[in-house]
Protein chains: 2
Amino acid sequence: MSEFEYINWVRQRIPAHSRVLIGPGDDAASVEWSSGKPCLITTDMLLQGSCFLLEQTDPRLIGRKALAVNLSDIAAMAGRPVAAVVSVALPRVGGRKLAEQLYEGLSRIAGEFDTAIVGGDTNSWDGPLAINVTVIGEPTGSGPVRRSGAEPGDWILATGEFGGSILGKHLTFTPRVREAQRLHSLVRIKAMIDVSDGLSADLHHLCEESGCGAILEESMIPISEAARQMREGKSALEHALSDGEDFELLFAASPSEGRWLLRDQPLAEWGVSVHRLGEFVPEGFRLRTSDGVVRDIEPRGYVHEFDGGSS
Amino acid sequence: MSEFEYINWVRQRIPAHSRVLIGPGDDAASVEWSSGKPCLITTDMLLQGSCFLLEQTDPRLIGRKALAVNLSDIAAMAGRPVAAVVSVALPRVGGRKLAEQLYEGLSRIAGEFDTAIVGGDTNSWDGPLAINVTVIGEPTGSGPVRRSGAEPGDWILATGEFGGSILGKHLTFTPRVREAQRLHSLVRIKAMIDVSDGLSADLHHLCEESGCGAILEESMIPISEAARQMREGKSALEHALSDGEDFELLFAASPSEGRWLLRDQPLAEWGVSVHRLGEFVPEGFRLRTSDGVVRDIEPRGYVHEFDGGSS
């Protein structure tokens with residue numbers, strides 16, 4: 001059973017609750033708040049060995065990433081982060097120094113995104129380092145942007161470039177909080193996700209939630225320099241499609257609004273380009289190669305597996 | 001450096017933020033929400049080996065406890081829990097079964113306390129089981145009850161009985177959510193905490209935050225049957241004072257309102273008694289023994305230590 005199967009298992013069992021506006025399965029949940037804006041909430045746990053290698057990574061970057069991945073989820077709803085709580089499980093030896101360095105990285109990016117660190121839970125144990133951050137935030141403009149809402153004919157759009165984030169960007173990426181809010185204020189973003197599992201995997205999530213298909217254009221995929229530097233028996237295109245943790249925004253808009261975004265490039269002042277990657281279609285999940293051949297693609301990406309092999 | 005020293009280290013470094021009404025150091029934080037009630041938020045991480053023994057514990061009780069400790073923190077603010085997010089780090093072998101059992105325990109108590117599970121993060125790794133829950137909630141009545149606010153002359157009051165929770169109550173306790181709300185609606189609770197570190201340790205937290213001292217009366221301490229059953233070279237009284245995880249409410253009220261609570265016992269319908277344990281005083285931290293001798297006591301309790309021995 002994979003992470004996604006488990007999420008689906010949970011979604012089927014969660015009873016309806018009158019205050020839950022958006023429940024599990026989107027980038028963040030949305031909870032009705034008395035006579036105010038709803039409360040967006042998202043949580044992420046980073047684990048030594050699977051999410052980062054402690055021996056090879058500055059702990060400040062781990063602390064930074066632990067908050068940044070949550071800011072990216074709030075961005076994917078076009079939300080504004082407000083506050084965060086942080087839990088850590090520290091190894092017994094060297095825990096104090098580590099705790100201070102984690103906090104240093106966390107607090108710096110919290111300041112950059114005007115997010116208050118309001119509490120937490122600090123423990124030490126005989127296990128590896130684990131750090132969990134929960135962020136609450138508010139919707140902006142016309143409200144949270146969901147993963148559902150893309151329709152056939154909409155353009156597939158994205159910020160930035162894809163692939164090879166393991167070479168550095170997975171630790172140093174900028175959560176697209178400002179970018180998402182500006183896009184949300186300028187055009188009707190019909191569906192959005194942040195790319196954490198990988199471009200094709202996360203595009204597939206958008207399709208599943210929206211009940212449609214997609215066709216990517218090979219010639220349009222913005223392939224990062226890092227993807228071209230990767231040497232693991234895969235092409236740069238394959239890295240761009242399947243590598244995780246780019247933390248760019250992937251979204252749907254109408255062709256006319258998409259055309260306007262490509263021409264106007266409203267995120268240019270932050271050094272961020274908007275690209276068109278293809279089009280949503282009624283069904284199927286395909287890539288049109290540069291020589292015009294259309295072939296099915298797998299929504300590959302990073303998937304956490306339980307019980308290796310049982311799924 | 002202990003957990004508390006680290007929390008203080010963090011508190012000194014956290015910049016002021018205009019929307020933070022209550023920051024780190026209380027049972028939950030409180031964040032201003034646009035034109036609505038503030039948002040209470042609290043988080044807790046449970047770790048295999050230090051918070052529970054996986055081989056000896058029904059995973060449903062671990063899932064239950066992971067949410068219940070957070071409900072207890074919301075109760076300590078006299079708040080109403082609204083929603084929760086859950087992160088788990090699962091061992092690779094047996095992870096699926098474990099995930100389902102954890103969820104079963106979590107969702108049952110979530111239902112009992114009308115708390116929606118709205119999201120989470122599920123991972124597997126080579127480490128032990130770790131589970132983190134964050135709960136958001138709303139204040140009730142006149143607003144959140146803080147740890148500060150007790151004054152000399154106020155009575156030290158508590159729900160339930162203390163000590164020996166390791167024999168079972170630490171997994172099966174009822175978070176005092178309803179009880180706290182009723183007390184808050186009936187009298188002016190001047191300061192409150194839930195007893196997780198131990199009666200004397202948590203009373204000491206109330207004193208520190210309130211800037212006063214306390215004197216406990218040995219003859220008044222409600223000692224649980226479990227504390228009397230403990231056989232670890234300590235007296236039942238010592239267990240009641242120092243054992244952690246009773247998850248009862250410890251609070252301050254004026255003598256007149258305290259007297260009324262003792263006589264009226266407004267929580268009796270739920271089988272919960274209100275007890276007087278002593279009195280807040282200007283300074284010192286003492287116990288009056290049954291033979292009338294007054295002696296200093298240590299605010300002992302369970303304290304997470306980093307770097308064993310460095311504090």
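Below, chains carry the letters A, B, ... as their sequence lines are ordered, and counting in each starts from 1. The structure displayed is predicted, hence computed values, not measured ones. All values below come from the heavy atoms of this structure, side chains included, with hydrogens, waters and symmetry mates left out.
The contact list for residues 133-141 of chain A toward chain B, using heavy atoms and a distance under 4.5 Å, reads Thr134(A), Ile136(A), Gly137(A), Glu138(A) by residue number. Proximity to chain B at a heavy-atom threshold of 4.5 Å picks out nothing from residues 57-81 of chain A.
A donor-acceptor pair under 3.5 Å is formed between the side chain of Asp121(B) and the backbone N or O of Met45(A). A side-chain donor-acceptor contact under 3.5 Å links His184(B) to the backbone of Gly143(B). Between the Gln48(A) side chain and the Leu129(A) main chain, a donor and an acceptor come within less than 3.5 Å of each other. Under a 3.5 Å cut-off, the side chain of Trp33(A) and the backbone N or O of Trp33(B) do not form any donor-acceptor pair.
In terms of the salt bridge (Lys or Arg N to Asp or Glu O under 4.0 Å) criterion, residue partners of Asp246(A) (sequence neighbours excluded) are, by chain and number, Lys169(A).
In this structure, chain A has heavy atoms under 4.5 Å from both the backbone and the side chain of Ala130(B).
A donor-acceptor pair shorter than 3.5 Å cannot be found between the side chains of Asn123(A) and Ser50(B). Side-chain contact, Asn132(B) with Thr43(A): no donor N or O sits under 3.5 Å from an acceptor N or O.
The side chain to side chain donor-acceptor pair (under 3.5 Å) analysis of residues 108-120 of chain A, with sequence neighbours excluded, yields the pairs Asp114(A)-His17(B).
Ion pairing of Arg92(B) with Asp126(B) is present here, as a side-chain N (NZ or NE/NH1/NH2) and a carboxylate O approach within less than 4.0 Å.
Interface check for chain A: of the options Thr42(B), Asp44(B), Ile41(B), Leu47(B), the most heavy-atom pairs under 4.5 Å are formed by Leu47(B).
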